Amino acid sequence: MNREISEVRENTEKVYNVPVPSHPELIKNKEYDARAYALALLESRRGDKEQHRYINLNDFKQDTKTIASKYNISTKTLSRYIINIKKLQNVFKGTEINIVNSFATENGELYIQLMSKISSRYYVLIPSNVLYKMLVTTRRDVIKTFITLLYTLKDKNTGKYIERQVTYNYLLNKVGMSQTSTKAMCAILGLLQDMRLIQVRQVESTHYNTETLKATPKTVNMISIHPEYLQLVEDVANGYITEQVPQPDIMTAEETEEVSRQEKEFVVADMYI
């Protein structure tokens, strides 16, 4: 496909709001690697006068070590991320949640177009410094859970975020986790609270069984987006935040191998959650 790209690189010294896809069917799909896609969005370029974003595969090949160390991952993991992103083109091809499109320009540059076809209603805004912190310090289910909460807690009529009752089973289903992973989801919500991204308020309620006519006391979670996070999104949109996204030190070869080993352990641990 012949195409000319007029690219604009985001100013990495300034925090900006990143549009992240939040379509429920996308988040639930196990083929969707939220961490890989988040990295691609942070490293992407945007086309001049258009909403689509692009990653130049030649840039990734030339700067593999630099990009990998920037996100505290191994070069093998970065390569796997790119493969996972490219796979999405076939997984969602022809659907309304097609978020990837590969093409080449006349000069042979290979690109992946992000955010291809999803309606704007299926995007949430996450400040680049928050997305970066989540990417380097958490696992992909944490990112998926936060995206799901941003989508779920936004009133579709007013566009405002509201407090709602959200169950563990609801989140597990939306994120694509096993219904037996309640403890894992509880830990994820605790982490999001520690990061001051959400607030969880436990309320005593009563559940009535229509068959037995018995009432059973029950504790429910009322969840809302943390006001400090909402203020951050607004301040970023208004240009008030100019904090540079923190960069970790360049990893040594030994540290890179250790990160790769830890990631393999996480994959094995996931099988037993």
Side-chain angles (χ1 to χ4, degrees), residues 9-10 12 18 20-21 26-45 53-92 99-102 109-115 126-148 175-178 181 184 187-188 191-192 195 245-273:
R9 190 72 167 174
E10 295 287 0
T12 56
V18 183
V20 182
L26 174 69
I27 301 300
K28 186 177 181 179
N29 195 296
K30 295 184 182 298
E31 296 289 336
Y32 175 61
D33 190 334
R35 296 186 78 223
Y37 204 80
L39 184 149
L41 286 172
L42 289 173
E43 287 296 313
S44 66
R45 305 166 185 266
R53 306 181 76 87
Y54 307 88
I55 57 174
N56 186 325
L57 294 183
N58 293 343
D59 287 349
F60 273 75
K61 289 180 180 179
Q62 294 174 5
D63 302 325
T64 299
K65 290 184 178 180
T66 302
I67 296 174
S69 62
K70 179 179 177 181
Y71 295 96
N72 201 31
I73 58 177
S74 67
T75 53
K76 289 183 179 179
T77 298
L78 178 59
S79 297
R80 188 179 76 242
Y81 279 3
I82 299 303
I83 292 174
N84 288 346
I85 293 171
K86 292 175 70 174
K87 282 182 179 178
L88 294 178
Q89 180 170 352
N90 293 326
V91 174
F92 300 114
I99 57 173
V100 173
N101 179 37
S102 301
E109 294 285 292
L110 299 177
Y111 284 86
I112 293 180
Q113 179 185 13
L114 307 174
M115 300 167 23
I126 301 180
S128 55
N129 59 343
V130 174
L131 188 59
Y132 174 84
K133 183 177 181 180
M134 295 182 73
L135 180 56
V136 299
T137 62
T138 68
R139 295 160 60 192
R140 66 180 184 180
D141 288 336
V142 178
I143 299 177
K144 280 188 170 186
T145 299
F146 185 54
I147 293 173
T148 297
V175 176
M177 295 173 64
S178 167
S181 300
I188 289 174
L191 179 59
L192 292 175
M195 297 177 72
V245 177
Q247 307 296 337
D249 295 333
I250 301 297
M251 291 188 294
T252 64
E254 291 76 13
E255 291 172 329
T256 300
E257 290 180 0
E258 176 62 16
V259 170
S260 180
R261 182 190 64 78
Q262 291 177 359
E263 287 174 344
K264 290 179 181 178
E265 289 182 354
F266 277 137
V267 171
V268 174
D270 273 338
M271 297 172 60
Y272 298 97
I273 291 178

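All of these numbers come straight from a predicted model, not from anything done at the bench.
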Exercise. Say you draw a straight line from CG of L42 to CG of L131; how long is it, rounded to the nearest 0.5 Å?
Worked result: 4.5 Å
Exercise. Residues two or more places apart in sequence or in another chain: which of them pass side chain to side chain contact (heavy atoms under 4.5 Å, CB included) with E31?
Worked result: N29, V91
For this session: Taking all heavy atoms of R35 and all of T138, pick out the closest pair and write down the distance.
Result: NE-O, 3.2 Å
For this session: Please confirm whether the backbone N or O of Y32 pairs with a side-chain atom of K144, one donor and one acceptor, at under 3.5 Å?
Result: yes
For this session: Enter the distance from E43:CD to D63:CG here, rounded to the nearest 0.5 Å.
Result: 9.0 Å
Exercise. What are the two closest heavy atoms between A34 and I143, and how far apart are they?
Worked result: CB-CG2, 4.1 Å
For this session: With sequence neighbours left out, write down each residue that passes side-chain hydrogen bond (donor to acceptor under 3.5 Å, both in side chains) with K61, or none if nothing qualifies.
Result: none
Problem set entry | Residue pair A40 / I55: nearest heavy atoms and the distance that separates them | O-CG2, 3.4 Å
For this session: Assess the side chains of T77 and S74: does a donor N or O sit below 3.5 Å from an acceptor N or O?
Result: yes
Exercise. Rounded to the nearest 0.5 Å, how far apart are CZ of R140 and CE of M134?
Worked result: 14.0 Å
Exercise. Could you walk me through whether T66 and K70 pass the side-chain contact (heavy atoms from CB on, under 4.5 Å) check?
Worked result: CA-CA 6 Å; T66 302; K70 179 179 177 181; 5.6 Å; no
Problem set entry | Intermediate values then yes/no, side-chain contact (heavy atoms from CB on, under 4.5 Å), K133 and N129 | CA-CA 6 Å; K133 183 177 181 180; N129 59 343; over 6 Å; no
Exercise. Are the aromatic rings of Y81 and Y37 close, with centres under 6.0 Å apart?
Worked result: no
For this session: Give the minimum heavy-atom separation between T64 and L78, together with the two atoms involved.
Result: O-CD2, 3.5 Å
Problem set entry | Minimum-distance pair of heavy atoms, taken over all atoms of L41 and P21 | CD1-CD, 4.3 Å
Exercise. Would you say the side chain of P127 lies within less than 4.5 Å of the side chain of V18, judging by non-hydrogen atoms?
Worked result: no
Exercise. Can you name the closest pair of heavy atoms from L135 and Y71 and give their distance?
Worked result: CD2-CD2, 3.3 Å
Problem set entry | Heavy-atom side-chain proximity of F146 to V142 below 4.5 angstrom | no
Exercise. Do V175 and K28 pass the side-chain contact (heavy atoms from CB on, under 4.5 Å) test, and can you show the C-alpha distance, the side-chain angles, and the key distance before you say yes or no?
Worked result: CA-CA 5 Å; V175 176; K28 186 177 181 179; over 6 Å; no
For this session: Before giving the answer on side-chain contact (heavy atoms from CB on, under 4.5 Å), spell out for I188 and M177 the whole-Å C-alpha distance, their side-chain angles and the decisive distance to 0.1 Å.
Result: CA-CA 12 Å; I188 289 174; M177 295 173 64; 4.2 Å; yes
Exercise. To the nearest 0.5 Å, what is the distance between CG (D33) and CG (L39)?
Worked result: 10.0 Å
